[in-house]
Amino acid sequence: MREIFAGMPWWVKWVAVPVIALVVFGGLIASVVGFVIGLLFKVLVFVALVGGLIYVVRKFIMGSSSRSDW
């Protein structure tokens, strides 16, 4: 493989081959990136909802315990 690329100009190695790879595998790369971003977003929403639930439960427990002390 190195012998094939050794005789090629620099623009073939550094421009043409990556462009061809993006054209061929672009849909796959986009779907993988979209899946990862979607998964990260869902994880972020999950963490925010669990944090909000913990906040509400602690607030409710603190409020009810202070009322029962009276």
Side-chain angles (χ1 to χ4, degrees):
M1 195 69 172
R2 287 183 183 236
E3 297 86 24
I4 295 172
F5 281 116
M8 297 288 172
W10 68 268
W11 60 269
V12 172
K13 291 186 263 188
W14 298 106
V15 177
V17 172
V19 167
I20 292 171
L22 281 175
V23 168
V24 171
F25 298 109
L28 176 67
I29 293 169
S31 65
V32 168
V33 169
F35 174 75
V36 169
I37 290 174
L39 187 64
L40 287 175
F41 178 73
K42 288 178 183 178
V43 167
L44 191 67
V45 168
F46 176 75
V47 169
L49 288 174
V50 169
L53 178 65
I54 291 171
Y55 175 78
V56 167
V57 168
R58 282 189 176 176
K59 207 63 152 156
F60 179 74
I61 289 174
M62 292 297 271
S64 65
S65 67
S66 65
R67 274 182 263 160
S68 63
D69 289 342
W70 287 95

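We use all heavy atoms of the structure for the numbers below, so side chains are in, but hydrogens, waters and symmetry mates are not. Heads up: numbering here begins at 1 and tracks the sequence. Remember, it's a predicted structure, so these values are computed and weren't measured experimentally.
Between Met8 and Lys13 the shortest heavy-atom distance is O-CE, 4.0 Å.
Ile54 and Met62 are not part of a single hydrophobic cluster, where members link through side-chain heavy atoms under 4.5 Å apart. At a threshold of 4.5 Å between side-chain heavy atoms, the hydrophobic network of Ile, Leu, Val, Met, Phe, Trp and Tyr places Trp10 and Val12 in one connected group. Linking ILVMFWY residues whenever their side-chain heavy atoms come closer than 4.5 Å, directly or via other members, leaves Phe41 and Leu39 in distinct clusters. No continuous path of ILVMFWY side-chain contacts below 4.5 Å connects Val50 to Tyr55, so the two sit in separate hydrophobic clusters.
Screening Leu22, Val23, Val24, Val17 against Ile20 for a side-chain contact (heavy atoms from CB on, under 4.5 Å) leaves a single residue, Val24.
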